[in-house]
Asker: 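Before we start, here is the structure in question, set down as structure tokens.
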Amino acid sequence: MPKIELLDEQTIDQIAAGEVVERPSSVVKELVENAIDAKATAVTVEIRDGGTTLIRITDNGCGIEAEQIPVAFYRHSTSKIRRVEDLATISSLGFRGEALSSIASVSEVELITKTMGSLTGSRYQIEGGKEISLEEVGAPEGTTFLVKNLFYNTPARRKFLKSPQTEAGYISDMMEKIALSHPDISFKFINNGQIRLHTSGNSQVKDIIYHIYGRDIAANLLEVEGEFDGFSVSGFIGKPVISRGNRNFESYFINGRYIRSSLIAKAIEDGYRGFMMQHKYPFTVLAVSLNGKLVDVNVHPNKMELRFSNGEELYRGLVYLIQNALRQRELITDVTPDGEKKEAAKPAYEKKAIPEPFEKERISRMKEETAAAGQRKVAALREPIRYGAAQEKASGGAEAVRETGNRTADVPKTQRPPDIPKPEIKERKQPLAEQPGQQTLADYTAPETRLLSEEARPEHRIIGQLFDTYWLVEYEDRFYMIDQHAAHEKILFERTMKQYREKEFTSQMISPPIVLSLTMQEETLLKKYQAELEKLGFSIDSFGGKEYAVSAVPANLYGLNAQELLVELIDSLGTVSEKDTPDLVAEKIASMSCRAAVKGNNRLSRVEAEQLIADLLKLENPYFCPHGRPVIISMTKYEIEKKFKRIV
């Protein structure tokens with residue numbers, strides 16, 4: 001047997017570094033979190049070559065006292081905890097004791113720091129875990145870390161790094177997440193001499209979202225805020241129109257820490273259930289505050305994964321908050337003049353410094369507004385003059401002048417720049433950029449006009465049916481298209497779910513009964529979910545061996561191929577997880593009721609169309625079918641006139 005020996009300190013440090021320092025972004029994360037814990041209000045991160053040759057992090061925090069500097073680089077040294085009980089109440093970010101030690105063991109580190117009130121600062125150098133020097137120097141208050149030649153003494157690890165551009169992208173993405181989680185701190189990120197991110201630290205999360213993700217996402221946000229037993233949630237969620245094909249736009253923070261959590265991801269996606277197509281994921285920026293005793297941050301060395309002791313309450317609260325926010329807004333998809341839904345900008349890694357493109361956007365918008373206003377004024381003046389000349393014979397010129405003045409002043413709201421919805425809970429009071437007199441996107445607000453409301457119903461003008469599939473409706477200054485199949489699907493789905501919740505089911509007897517021959521797997525699923533099937537109106541009995549007799553089906557499925565439908569339904573239940581609630585099983589079953597919906601290419605009478613719209617008014621979410629497809633799309637009169645070049 002090989003002899004057992006103790007490892008030397010340098011080897012121990014490098015093993016620890018393998019857990020903490022995976023790549024340059026790991027170094028940036030640890031040092032930025034330390035800066036936040038040091039009460040910094042401004043943090044600058046500069047990298048070169050993806051962080052492999054240089055990482056410089058400067059903050060204006062409290063600094064480190066000279067005699068404490070060498071101690072800070074010892075393994076398991078920390079200012080955050082004193083005993084094991086403190087691990088349960090940690091509220092800071094960078095508490096891990098081996099972070100600085102691990103970073104110093106695989107790079108050349110230079111530290112310059114000065115505490116508030118000190119006459120001079122300190123400069124400390126450590127390379128590969130070995131101290132080089134500690135000297136007194138002149139320095140501003142705060143701390144600067146210079147990490148050079150990362151992994152210079154572990155070439156095997158450096159070889160597995162990706163290209164500098166890719167590593168810089170990881171750092172950029174992480175800086176965006178940190179900026180979103182701490183909007184009260186000004187962050188600047190510089191890559192190879194170019195500013196890629198610069199936030200103002202004005203505590204406005206929506207401003208940061210605009211800077212990072214662009215105008216289209218910022219214009220399609222819903223504010224959410226809720227207080228629950230043991231935790232609170234605040235932030236923004238995106239309207240379903242800005243969905244994505246992966247979870248990269250799902251950001252959520254626990255006590256200021258960016259994390260990944262399968263529980264929170266499931267809560268978010270279940271909250272969007274019925275509002276978004278399958279295999280699509282929403283945009284979210286949510287901050288969760290809870291008692292430190294309810295969360296375990298020591299699950300993984302990088303602190304990205306957490307365990308919650310109140311996971312069930314957290315899940316239910318998030319689902320409720322998201323669904324409530326979505327149901328309170330009219331979510332009809334707007335079609336642009338180009339005939340396509342607006343797509344949000346890509347993440348701003350390739351963007352220039354923040355104030356420059358925003359100022360360029362503002363100037364461009366002002367020019368467009370000025371030109372449009374001039375054209376509207378000319379058109380408004382010409383039309384009333386002709387009208388006034390005719391009226392002058394009967395009513396006199398004064399009436400025409402009054403008419404001219406009125407029309408000139410009445411600027412249609414649809415000719416304003418696109419609006420950001422006004423938050424329903426909090427009202428913006430701070431400007432988006434720190435420039436006097438500059439208007440922000442959030443300053444533009446417009447009252448929401450709801451097509452699907454009892455108040456608006458008498459004003460609907462049904463124009464007709466297009467392609468025997470879409471009903472055309474005019475309301476105020478908008479044109480709407482309603483997909484009759486998607487609308488009827490959603491009506492049947494919500495009606496079935498309502499019957500399930502209220503235990504009001506109607507069955508249609510079948511004579512003779514349908515006999516099903518099931519495989520062993522299908523038989524297992526049938527027995528497992530038979531109670532839910534019977535609650536919805538199915539009557540299924542054993543017929544001997546692997547045969548089962550279906551003597552009744554839900555009334556709204558009568559007339560369909562019940563045998564084919566039931567076998568397909570049983571197969572689909574195989575994807576339901578053990579953890580899923582009975583309601584989710586019922587949703588799976590209810591979605592099959594969509595087979596009874598009126599199809600496309602099916603001419604409906606005007607009375608039937610009016611009844612369809614009347615039924616939509618009664619739904620909780622009439623804007624998306626059970627599969628997430630839009631039920632209604634719209635265009636403004638302004639957009640249509642722009643397509644016909646009536647407005648240039």
Side-chain angles (χ1 to χ4, degrees), residues 210 214-220 239 241-242 329-345 357-391 400-422 438-451 456 459-464 466-467 470-482 630 632-648:
Y210 177 88
R215 178 190 183 96
D216 290 332
I217 282 185
N220 285 284
K239 294 180 181 178
V241 71
I242 55 175
R329 300 299 299 267
E330 185 159 74
L331 301 174
I332 296 175
T333 303
D334 286 332
V335 180
T336 69
D338 293 328
E340 297 178 355
K341 290 187 294 184
K342 293 183 179 179
E343 292 294 334
F358 180 79
E359 182 66 11
K360 193 179 296 183
E361 171 71 27
R362 185 179 72 88
I363 293 171
S364 174
R365 190 175 68 233
M366 289 176 63
K367 288 180 179 178
E368 293 175 3
E369 288 179 47
T370 303
Q375 292 167 358
R376 289 196 301 269
K377 188 171 182 179
V378 170
L381 285 170
R382 286 175 178 170
E383 184 178 355
I385 288 172
R386 292 195 300 270
Y387 175 77
Q391 286 289 94
V401 172
R402 284 196 295 272
E403 178 69 10
T404 301
N406 290 339
R407 292 196 180 188
T408 304
D410 186 15
V411 180
K413 63 179 179 181
T414 52
Q415 298 187 14
R416 300 174 187 166
D419 297 332
I420 285 183
K422 185 177 181 180
Q438 178 173 319
Q439 280 189 307
T440 72
L441 287 174
D443 291 328
Y444 293 104
T445 59
E448 185 177 28
T449 303
R450 298 178 70 94
L451 171 75
E459 304 299 324
H460 292 175
R461 191 164 78 87
I462 298 179
I463 300 170
L466 178 67
F467 306 135
Y470 308 101
W471 279 92
L472 313 181
V473 179
E474 178 188 335
Y475 173 61
E476 291 190 341
D477 60 353
R478 280 186 173 269
F479 164 69
Y480 297 87
M481 296 178 65
I482 301 175
I632 310 172
I633 63 173
S634 73
M635 287 185 71
T636 65
K637 179 183 177 183
Y638 171 75
E639 289 163 347
I640 295 171
E641 290 183 339
K642 193 169 183 180
K643 285 294 288 183
F644 282 102
K645 307 301 181 185
R646 296 174 67 89
I647 298 174
V648 182

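What's counted below: heavy atoms across the whole structure, side chains too, no hydrogens, waters or symmetry copies. Counting begins at 1 with the first residue of the sequence.
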Asker: Picking from Tyr475, Trp471, Tyr470, what satisfies side chain to side chain contact (heavy atoms under 4.5 Å, CB included) with Tyr480?
Answerer: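 Testing each of Tyr475, Trp471, Tyr470 against Tyr480, the sole residue satisfying side chain to side chain contact (heavy atoms under 4.5 Å, CB included) is Tyr475.
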
Asker: Should Leu466 and Met481 count as side-chain neighbours, where that means a heavy-atom distance under 4.5 Å?
Answerer: yes

Asker: Between Val241 and Asn220, what is the shortest heavy-atom contact and its length?
Answerer: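 Distance-wise, the nearest heavy atoms are CG1-OD1, 3.7 Å.
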
Asker: Just verifying a value: how many Å separate Arg461 CZ and Glu474 CD, rounded to the nearest 0.5 Å?
Answerer: 4.0 Å

Asker: How close do Ile482 and Ile632 get, heavy atom to heavy atom, and via which atoms?
Answerer: CG1-CG1, 4.0 Å

Asker: Evaluate the side-chain proximity of Glu476 to Leu451: yes if any heavy-atom separation is below 4.5 Å, no if none is.
Answerer: no

Asker: Find the distance between CZ (Arg478) and CE (Met635) and round it off to the nearest 0.5 Å.
Answerer: 10.0 Å

Asker: Answer yes or no: is there a side-chain heavy-atom contact under 4.5 Å between Tyr638 and Asp477?
Answerer: no

Asker: Is Tyr210 close to Arg215 at the side-chain level, that is, under 4.5 Å between some pair of heavy atoms?
Answerer: yes

